[in-house]
Chemist: 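My structure is below; once you've seen it, I'll send some questions.
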Amino acid sequence: MSILAKDLLTSGQLALVRKRSDFRGTWLVFHAWAVIFGTMALFVAFPNPVTYIVAVMVIGARQLGLAILMHDGAHGILTESQKLNSFLSQWFCAYPMMAETGAYRRYHLKHHANTQQPEDPDLILSAPFPITRKSFKRKMVRDITGQTGYQQRKAQILNALGKSEWPFGQRLKNYRAKLGRATLAQLAVFGVLAASGHWYLYFILWLVPFLTWHQAITRIRNIAEHAMVPDNDDPFRHARTTKANLMERALIAPYWVNYHVEHHLMMWVPCYNLPMARRFLIANGYGERIETKAGYAEVLRMATSRPDTDDKPGSVIHNARRRVSGVTSEGFEENQGAA
């Protein structure tokens with residue numbers, strides 16, 4: 001079942017929500033990096049365990065923010081200028097996150113074309129739910145301790161290096177083609193921090209958030225967006241919008257990523273216009289149809305509602321030769337029965 005945007009909004013409303021802005025798109029990318037480096041600076045000024053934990057959470061959330069802005073870039077809607085859209089999305093969002101906008105676009109558009117259908121490549125992320133609390137706890141422990149992130153990056157690098165029997169030159173060439181620019185982006189981040197006299201921040205406040213908090217909230221976001229939706233065939237109900245308070249927007253759901261129904265209804269609406277799109281939909285009488293939850297706590301209660309007596313720890317499968325279902329990197333796959 002598909003719905004045309006012209007049947008949901010007036011022509012004037014459509015003109016407003018589809019409007020893209022070079023300034024706003026550029027500002028959001030700048031904002032993400034300003035928060036990341038600003039948080040690092042605050043930790044340097046006030047180094048203690050509490051400020052470190054807060055810094056990991058804030059930076060990890062902005063790293064997710066970079067992935068969200070890359071997502072808009074993949075849709076070609078981050079800025080009005082397509083050259084600027086591509087430049088910002090690739091070099092300031094995708095590559096620092098070890099991703100690539102074009103590869104993500106090809107993968108992600110399959111999700112939009114087949115949302116919650118058997119052909120949906122993201123179905124692996126929503127199909128297992130609800131799960132038990134024990135299972136969810138194991139998943140979060142793996143995320144927070146860096147196990148998930150480490151396995152993903154390990155498999156991604158192995159995939160980029162190619163077959164072990166290849167000559168060294170061929171493996172290096174394959175790595176350069178797959179991850180060369182992403183590696184340059186990592187070196188750039190390290191270089192900026194080294195030039196500031198704080199090279200160690202790359203490891204403790206770039207890699208650690210990337211491998212821990214960023215992984216955990218990416219999982220939570222994935223659960224909120226499509227797990228346990230009421231109708232896989234209704235565009236208003238095969239995705240979910242989750243209301244987010246100030247703390248959730250800062251630490252879990254940056255840059256309006258929580259407006260997921262609105263995004264699926266009109267995927268050409270920039271993230272900064274999604275709240276406006278929701279207001280128009282509600283004003284036009286569609287508010288009751290939009291699958292909405294009051295917050296991430298409510299979604300997680302639903303996601304962990306399976307009795308612990310049904311708990312069956314599974315296994316994590318890593319395959320460095322296949323593209324990952326549901327993530328932007330390569331070589332990691334988690335089976336639907338994973339613990």
Side-chain angles (χ1 to χ4, degrees), residues 28-29 31-36 38-40 42-43 50-72 93 96-97 99 122 125-126 128-131 133 135-149 152 205-229 239-264 271-272 274-275 278 290-305 326-328 334:
L28 290 178
V29 175
H31 177 270
W33 283 105
V35 171
I36 288 169
T39 302
M40 291 179 178
L42 285 174
F43 172 73
V50 173
T51 56
Y52 178 70
I53 292 172
V54 171
V56 167
M57 295 171 69
V58 170
I59 292 171
R62 287 311 114 178
Q63 289 172 330
L64 174 58
L66 292 176
I68 293 162
L69 298 177
M70 176 200 71
H71 162 269
D72 265 33
C93 301
M97 297 304 295
D122 275 354
L125 300 174
S126 59
F129 293 91
I131 59 175
R133 290 187 178 183
S135 178
F136 182 72
K137 181 179 178 180
R138 288 193 296 270
K139 287 173 169 59
M140 293 305 292
V141 167
R142 287 201 301 266
D143 293 344
I144 292 295
T145 59
Q147 296 176 64
T148 304
Q152 287 188 8
L205 281 180
W206 176 258
L207 288 186
V208 169
F210 182 51
L211 297 176
T212 60
W213 186 252
H214 166 252
Q215 296 290 335
I217 61 175
T218 296
R219 185 184 298 276
I220 293 171
R221 187 209 72 189
N222 287 331
I223 293 170
E225 288 177 350
H226 292 287
M228 307 155 299
V229 290
R240 177 181 296 107
T241 288
T242 306
K243 294 181 180 179
N245 59 35
L246 182 61
M247 186 69 70
E248 289 170 324
R249 292 200 300 270
L251 300 179
I252 298 176
Y255 305 132
W256 307 282
V257 69
N258 52 307
Y259 291 89
H260 206 57
V261 175
E262 295 79 5
H263 171 61
H264 269 267
C271 64
Y272 41 82
L274 289 174
R278 180 177 178 84
I290 300 172
E291 167 63 7
T292 305
K293 292 302 177 188
Y296 286 90
E298 180 181 0
V299 174
L300 292 180
R301 282 194 295 270
M302 292 172 53
T304 58
S305 61
V327 297
T328 58
E334 187 172 6

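Worth knowing before you read on, the calculation uses all heavy atoms, side chains too, and leaves out hydrogens, waters and symmetry mates. If you read the sequence from its start, that first residue is 1, and numbering goes on from there. Worth saying up front: this structure is predicted, and the values here are computed from it rather than measured.
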Chemist: Testing the basics here: between K243 and T292, what is the closest heavy-atom pair and its distance to 0.1 Å?
Modeler: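 Nearest heavy atoms, K243 then T292: CE-CG2, 3.9 Å.
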
Chemist: Give the intermediate values and the outcome of side chain to side chain contact (heavy atoms under 4.5 Å, CB included) for residues V35 and V58.
Modeler: CA-CA 8 Å; V35 171; V58 170; 3.7 Å; yes

Chemist: Between C271 and L28, what is the shortest heavy-atom contact and its length?
Modeler: SG-CD1, 3.9 Å

Chemist: Determine whether a donor-acceptor pair (N or O, by modelled atom type, separation under 3.5 Å) exists between the side chain of T39 and the backbone of I59.
Modeler: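 No, because the side chain of T39 does not come within donor-acceptor range (under 3.5 Å) of the backbone of I59.
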
Chemist: The criterion is side-chain contact (heavy atoms from CB on, under 4.5 Å); which residues satisfy it with V299, sequence neighbours excluded?
Modeler: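 For V299, the residues satisfying side-chain contact (heavy atoms from CB on, under 4.5 Å) (neighbours in sequence not counted) are I223, A224, R240, T242, K293.
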
Chemist: Applying salt bridge (Lys or Arg N to Asp or Glu O under 4.0 Å), can you list everything that pairs with R278, at least two apart in sequence or on another chain?
Modeler: E262

Chemist: When you compare the side chain of T212 with that of D143, does any pair of heavy atoms fall below 4.5 Å?
Modeler: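 In short, these two side chains do not touch, never coming nearer than 4.5 Å.
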
Chemist: What's the shortest heavy-atom distance between F129 and I131, and which atoms?
Modeler: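 Closest pair (atom of F129, atom of I131, distance): CE2-CD1, 3.5 Å.
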
Chemist: Listed by chain and number, what are the side-chain contact (heavy atoms from CB on, under 4.5 Å) partners of S305, not counting sequence neighbours?
Modeler: P130

Chemist: Please determine whether side chain to side chain contact (heavy atoms under 4.5 Å, CB included) holds for the pair I36 and L66, giving the CA-CA distance in whole Å, both sets of side-chain angles, and the decisive distance to 0.1 Å.
Modeler: CA-CA 10 Å; I36 288 169; L66 292 176; 4.1 Å; yes

Chemist: Find the distance between CE (M97) and CD1 (I68) and round it off to the nearest 0.5 Å.
Modeler: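 Here the rounded value is 10.0 Å.
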
Chemist: Would you give the length of the straight line joining atom NE2 of H71 to atom SG of C93, rounded to the nearest 0.5 angstrom?
Modeler: 12.5 Å

Chemist: Within the 4.5 Å heavy-atom criterion, are W213 and Q63 side-chain neighbours or not?
Modeler: no

Chemist: Applying side-chain contact (heavy atoms from CB on, under 4.5 Å), name anything that partners I53, two or more places apart in sequence or on another chain.
Modeler: M57

Chemist: Does V257 reach the side chain of E225, with side-chain heavy atoms less than 4.5 Å apart?
Modeler: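 Heavy-atom side-chain distance check passes, below 4.5 Å.
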
Chemist: If we only count heavy atoms from C-beta on, is the R219 to K139 side-chain gap below 4.5 Å?
Modeler: yes

Chemist: Using the side chain to side chain contact (heavy atoms under 4.5 Å, CB included) definition, which of the options T148, I220, L64 pairs with Q215?
Modeler: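 One option only clears the test, and that one is T148.
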
Chemist: Give every residue pair that meets the side-chain hydrogen bond (donor to acceptor under 3.5 Å, both in side chains) criterion with at least one member in residues 244-261, sequence neighbours excluded.
Modeler: H31-Y255, R62-Y255, H226-H260, H260-H264

Chemist: I'd like to check the ring-ring contact (aromatic ring centres under 6.0 Å, His included) partners of F210; sequence neighbours left out, ordered by chain and number.
Modeler: H214

Chemist: For residues I252 and A61, report the shortest heavy-atom separation together with the two atoms involved.
Modeler: N-CB, 4.5 Å

Chemist: Roughly how far apart are N222 CG and I217 CD1, rounded to 0.5 Å?
Modeler: 11.0 Å

